[in-house]
Peer 1: 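Could you have a look at this structure, given as structure tokens, before my questions?
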2 protein chains.
Amino acid sequence: MDLDHPTHLAPRKQPRQARATTTVDIIFEATLQVLMAEGLQRLTTTRVAQRAGVSVGTLYQYFPHKQALLYALNARYLDIVAERVETVCESHHGAPLARMVEALVTAYWTAKTERSDVTRALYRASVELDNESLIEAFGRRVDAASAAMLATTPDADFADLRVVNAMFLTAIFGTVRTVFERNMPTSVGSDLHRELIAMCLSYLDAARARANPSDA
Amino acid sequence: MDLDHPTHLAPRKQPRQARATTTVDIIFEATLQVLMAEGLQRLTTTRVAQRAGVSVGTLYQYFPHKQALLYALNARYLDIVAERVETVCESHHGAPLARMVEALVTAYWTAKTERSDVTRALYRASVELDNESLIEAFGRRVDAASAAMLATTPDADFADLRVVNAMFLTAIFGTVRTVFERNMPTSVGSDLHRELIAMCLSYLDAARARANPSDA
DNA sequence: ACCTGAACACCGTTCAAGT
DNA sequence: ACCTGAACACCGTTCAAGT
């Protein structure tokens, strides 16, 4: 299940021949390169085309405008991250709460940090464009995967799974985003990764206690 | 203690006459208006000047470039938020942990949500510009205020206050940011506000237990 | 001391012409 | 089916001229 494009941000046409597919990939790669090397300010369609070794016209054959290019780039990336989270969630159905929390936090954290230059570049680009629908779709997928997982844990039964799950994920997303935005060194990052797991776990424990006051 | 401007983003000159001060205020107001009414894409210096009722030249007398204008706008805003957090922290020195957490989370949350249209507009604008130094300075102020407060609570003694405080604040910042970015309805927002307090509290409780295993 | 607005370089986007 | 690049409208920024 791929993330959809709203019509005004959809790519102009799908490449039909092999060389065109290559062209699109080259354009994506060039966009990332320019974004990382020169920053959002200097990310111009001319520069992207130049770096990709094609003419501007070619770029505009596949993307109706600059926004659509950035949008598609983000969509690609979020799709990969969402897929990874879904996979981890499914493989932890029925696991103890502590393992679920650790697995989900770590999956998301790793997906974002293993290529942190790309992540940071995309975070920067993602405000240039109307990415609400993109983030919403991403959120829904992860939300569903996580809620389905949490519902299967043997050692908890939450009073309001929807709200608890939302808080759980919001804390994860927000923390990771903040770590990137504040450009924190990896040492602080790994402290926070560990503490984030502790925070989510103590929260879920407390939420479980609220729901079942009779528990140990 | 005001948030500083790095030289390349500093306003060009301070207004010296009353009418110039008014002009700068008018330009700030116009920038917010354009940002909220038309969005980041259509935020052009010409449009801002037009809405402010001055010529572009006037705008460029006070701000060396568009970035500096957005930067100054953000600086103003973050300064107000930081001041509020500092005040709340100082007034809660020596309070029980639960009251500290609730006060800090609520102060930050309220500062961001009471004029949520402005907050959202500024979140959007803040990636157009190199705001790292701005956010860093803001972060340092809030970090210091919060750590100083946490150190005075009667009912806890944290093993590593620095790290625990960082996680505490990161969760707050990140959650609020995510709520804005995902455009969540206020009903979900207030659920998350309440859950965020619960999450921070259960985390700090657990961190305290780690430090003092002998406690009740 | 402050304001104006025409002028210039550059960017996003198009489209007639090419393979 | 895909690619090219000159052309156009618009934006950021400047500066000579005004009060």
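Below, read A as the first sequence line, B as the second, and so on, with proteins coming before strands; counting in each chain starts at 1. Only a predicted model underlies this, so the values are computations on that prediction, with no experimental measurement involved.
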Peer 1: Contact class for A/V54 vs. all strands (heavy atom < 4.0 Å): base, sugar-phosphate, or nothing?
Peer 2: sugar-phosphate

Peer 1: What's the NZ-P distance between A/K66 and D/dA9, to the nearest Å?
Peer 2: 21 Å

Peer 1: Set out, in order, the CA-CA distance, both residues' side-chain angles and the distance that settles salt bridge (charged side-chain N to carboxylate O under 4.0 Å, His left out) for B/R115 and B/D117, then state yes or no.
Peer 2: CA-CA 6 Å; B/R115 296 241 28 214; B/D117 48 349; 3.2 Å; yes

Peer 1: Rounded to the nearest angstrom, tell me the gap between atom CZ in B/F63 and atom P in D/dG12.
Peer 2: 15 Å

Peer 1: Roughly how many Å is it from CD1 in A/I27 to P in D/dT4, rounded to a whole number?
Peer 2: 10 Å

Peer 1: Nearest to the B/S55 side chain among D/dC3, D/dA6, C/dC3, which nucleotide is it?
Peer 2: C/dC3

Peer 1: Calculate the interatomic distance between A/I26 atom CD1 and D/dC2 atom C1'; express it in whole Å.
Peer 2: 14 Å

Peer 1: Would you kindly give the CD-to-C1' distance between A/Q61 and C/dG18, to the nearest whole Å?
Peer 2: 12 Å

Peer 1: Could you list all the salt bridge (Lys or Arg N to Asp or Glu O under 4.0 Å) pairs where at least one residue sits in residues 47-70 of chain B, not counting sequence neighbours?
Peer 2: B/K66-B/E128

Peer 1: Would you say A/T113 and A/T119 make side-chain contact, with heavy atoms under 4.5 Å?
Peer 2: no

Peer 1: 5'-most contact on DNA chain C: B/G53 or A/G57, nearest heavy atom basis?
Peer 2: B/G53

Peer 1: Counting a pair only when it is Watson-Crick or G-U and both distances are under 3.5 Å, which runs of at least 3 such pairs involve DNA chain D?
Peer 2: C:4-8 with D:12-16, C:12-16 with D:4-8

Peer 1: Can you tell if the side chain of A/R120 reaches within under 4.5 Å of the side chain of A/N183, non-hydrogen atoms only?
Peer 2: yes

Peer 1: Rounded to whole angstroms, how far apart are NE2 on A/H65 and P on D/dC10?
Peer 2: 18 Å

Peer 1: May I ask you to check whether over 12 heavy atoms, not counting those of B/R162, lie within 6.0 Å of atom CZ?
Peer 2: no

Peer 1: With a 4.0 Å heavy-atom cut-off, tell me which residues in residues 41-50 of chain B come close to DNA chain C, sorted by residue number.
Peer 2: none

Peer 1: With sequence neighbours left out, write down each residue that passes side chain to side chain donor-acceptor pair (under 3.5 Å) with A/R182, or none if nothing qualifies.
Peer 2: none

Peer 1: The criterion is ring-ring contact (aromatic ring centres under 6.0 Å, His included); which residues satisfy it with A/H65, sequence neighbours excluded?
Peer 2: none

Peer 1: Quick one about B/Y108 and B/T175 (side-chain donor to acceptor, distance below 3.5 Å, no hydrogens or angles considered), yes or no?
Peer 2: no

Peer 1: List for me each residue that meets ring-ring contact (aromatic ring centres under 6.0 Å, His included) alongside A/F28, sequence neighbours excluded, and say none if there are none.
Peer 2: A/F63

Peer 1: How long is the line joining CD of B/E38 and P of D/dC11, in whole Å?
Peer 2: 10 Å

Peer 1: Find the distance B/Y62:OH to D/dT13:P and express it as a whole number of Å.
Peer 2: 18 Å

Peer 1: For the side chain of A/Y60, starting at C-beta, report the closest nucleotide among D/dT13, D/dC3, C/dT13.
Peer 2: C/dT13

